[in-house]
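Predicted model only: the values in this text are computed from it and were never measured. Convention: sequence-line order gives letters A, B, ...; per-chain numbering from 1.
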Amino acid sequence: MTPADVSAAVVAAIRAAVAAGELAVDVPAEVTVERPKNKEHGDYATNTALQLAKPAGRPPREVAEVVAAHLRDQPGIAAVDVAGPGFLNLRLDQAAQGELARTIVLAGDDYGRSSTGEKERVNLEFVSANPTGPIHLGGTRWAAVGDSLARLLEATGADVTREYYFNDHGAQIDRFARSLLARARGQEPPEDGYGGEYIAQIAADVVARRPDVLDVPDDEAQEVFRAEGVELMFAEIRQSLHDFGVDFDVYFHENSLHESGAVERAVDRLREQGQIYERDGAVWLRTSEFGDDKDRVVVKSDGQPAYISGDLAYYLDKRERGFDRVVIMLGADHHGYIGRLMAMCACFGDEPGRNLEILIGQMVNLVRDGQPLRMSKRAGTVLTMDDLVDAIGVDAARYALARYSMDSTIDIDLDVWAKQTNDNPVFYVQYAHARIASLLRNAGELGVLRGDDLDPSLLSHERENELLGTLGEFPRVVASAAELREPHRVARYLEQLAGTYHRFYDACRVLPMGDEPATDLTRARLWLVEATRVVLANGLGLLGVNAPERM
RNA sequence: GCCCCCGUAGCUCAGGGGAUAGAGCACUGCCCUCCGGAGGCAGUGGCGCAGGUUCGAAUCCUGCCGGGGGCGCCA
């Protein structure tokens, strides 16, 4: 019996009470059921009577008593108590509880998946680091969180496209090209240019591909370095992401918007909407009509498109490609753009928050020996994805980045995340999976099989009950993590599950001792253990982290 | 000056209005004849401050204090 089943049972009881004329309320579609912290409060508790009290115009405890009477008739419900101000504490019957192990094992990879989310086409844009250098730590955080969020949204019914906005237009690309050219000639980088080892490497690669490049005029040479250098840099970024386990469905080139006339089309569209005007020789968008601090320049007085013009065209392009929901993940240093982007969305006649959603993530710092790390060996400037992966590996990096709320600035202690002990959360979780895999291997070698039959009533130990309860939480952890765009909930849940499993394992012998025969209880516990393995594997999968069979 | 994020145990962090606020680490004391001790059990210890909304606030609202990050016809 899952929490959703329990909710359904409570709803059925309310409906029965209403039908019997004992309660005058609108029957809710679902009710909140939670696992009480205190075991004496039963297997599940609901606050529904407290919430129905006002519409029913009766005291909460009285409402609770009425619902309780009908709830006792529901299948799988063993006992119902009214407690405190009007909570309903329920106990499931043993078999209904244990049956969950079978449900999970039979569902396998699908356990946790649902259709609770909107069935919509979602364009999820993340990372989108400029191709002027390696992916920095902020982008790395987005790679981990964004990919995990994509998996979560897919797991709850959305059709997700992962998209990378490749910012290959504008002044920073010119600076990149000039930096490459200078380096190829053995000169100092320009004042506002880029430094770091990777510039030398790419400059050398460009020269290797185009040996003539140093013999042509500056303009021409710079253009070669721009085209070739961006391509090389981008290939390196894609490789880093791929090695990180993140592959995008679409790599979108900003340049294509400018070359195809998409920017002009977007401006024309906005002009038709009456949101465009001209002043001081520039073209402005009336974003302040929709909550922005001030109007924004779209085309500068020199005739060049301003940065936001690319965003306008890009947003329109995404909508025209059929995405109901455009989600953009940005670093905290971009929070100032939310207002204008949302206003832009409204200028198009769309609904900010629904058609356009912007997620902001805070910064990431690395710590070693208690000291913050500042410099990258490779980049010469800021720390990169590769620095992090080199230090702790992909699994630990992804897990560490996905484990915290995006609202929090995080310090990743490399000493902790490189450890092979349970100080390290990702090891704690992966170890639990490996330990189960080992147990199941041992069972196979002993010839002890789970079989097709399960007597769920045998799973009656307190620790089994606790484990079943935790396993039952998984689908709604996934659903809420997706809905709230908070993948860290999955990681925290897995840590809780691993702990609950260890407690079960410590108290409940699974395999027969010595030459004792396997019993029905042995087999029932193998169902439960396999169910735990499934949930750990599914959860780690949502984070893009491996679930090792041995380690 | 304005905007965004954060402030919960000694440390790193969970806690989308509900009962006695949790986990890991650290510290103290325990548990190994056999499934991976990379584990388990017990104990110590906390919501920045002040108001407000509510039957009920760590959670929602306002103000203040402290920390971090932003506020271009740059991209």
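Between the P atom of A75(B) and the OH atom of Y165(A) lies a distance of 12 Å, rounded to the nearest Å. Atom P of nucleotide U12(B) and atom CG of D413(A) are separated by 10 Å, given to the nearest angstrom. Rounded to whole angstrom, the span from the OH atom of Y501(A) across to the C1' atom of A23(B) amounts to 20 Å. Following rounding to the nearest Å, N424(A) (CG) and A26(B) (P) show an atom-to-atom distance of 13 Å.
For RNA chain B, each stem of at least three Watson-Crick or G-U pairs (distances under 3.5 Å) is given as range with range: B:1-7 with B:65-71, B:10-13 with B:22-25, B:27-31 with B:39-43, B:48-52 with B:60-64.
Residues that satisfy the side-chain contact (heavy atoms from CB on, under 4.5 Å) test with N442(A), not counting sequence neighbours, are S438(A), E445(A), L511(A). Partners of Y307(A) under the side-chain contact (heavy atoms from CB on, under 4.5 Å) rule, at least two apart in sequence or in another chain, are N167(A), D311(A). Here P190(A) pairs with R178(A), S179(A), A182(A), D192(A) under the side-chain contact (heavy atoms from CB on, under 4.5 Å) rule; sequence neighbours left out. Shown here are the side-chain contact (heavy atoms from CB on, under 4.5 Å) partners of D520(A), two or more places apart in sequence or in another chain: L458(A), R523(A).
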Using a 4.0 Å heavy-atom cut-off to protein, can you give one letter per nucleotide of nucleotides 28-43 of chain B, 5' to 3': B if the base is in contact, S if only the sugar-phosphate is, - if neither? ------BBBSBBSS--
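A45(A) comes within contact range of at least one nucleobase, with a heavy-atom separation under 4.0 Å. Nucleic acid contact class of K419(A) (heavy atoms, under 4.0 Å, all strands): none. H169(A) comes within contact range of the sugar-phosphate backbone alone, with a heavy-atom separation under 4.0 Å but no base atom that close. Using a 4.0 Å heavy-atom criterion, one finds that R175(A) contacts no nucleic acid atom at all. As judged by a 4.0 angstrom heavy-atom cut-off over every strand, D515(A) is placed among residues making no nucleic acid contact. At the heavy-atom level, D280(A) lies under 4.0 Å from base atoms of the strands shown.
The distance from atom CG of L153(A) to atom CD of E483(A), rounded to the nearest 0.5 Å, is 10.5 Å.
The stretch residues 304-316 of chain A touches RNA chain B through Y307(A), each having a heavy atom under 4.0 angstrom from the strand. At a non-hydrogen distance threshold of 4.0 Å, nothing from residues 528-537 of chain A comes into contact with RNA chain B.
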Identify each donor-acceptor pair in which a side-chain atom of residues 30-40 of chain A lies under 3.5 Å from a protein atom, sequence neighbours left out, and give them as a table.
from   : atom 1 : to     : atom 2 : distance (Å)
R35(A) : NE     : D43(A) : O      : 3.4
R35(A) : NH2    : D43(A) : O      : 3.4
N38(A) : OD1    : E40(A) : N      : 2.9

Tabulate protein N/O versus nucleotide N/O from nucleotides 2-9 of chain B, keeping only pairs under 3.5 Å, one per line.
from  : atom 1 : to      : atom 2 : distance (Å)
C3(B) : O2     : H335(A) : NE2    : 2.9
C4(B) : O4'    : H335(A) : NE2    : 3.3
C5(B) : O4'    : Q362(A) : NE2    : 3.4
C5(B) : O2'    : D407(A) : O      : 2.2

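Each salt bridge (charged side-chain N to carboxylate O under 4.0 Å, His left out) pair with one or both residues in residues 409-427 of chain A, not counting sequence neighbours, appears once here: K419(A)-D423(A). A salt bridge (charged side-chain N to carboxylate O under 4.0 Å, His left out) check over residues 494-504 of chain A, counting only residues at least two apart or in different chains, returns the pairs R403(A)-E495(A), E466(A)-R503(A).
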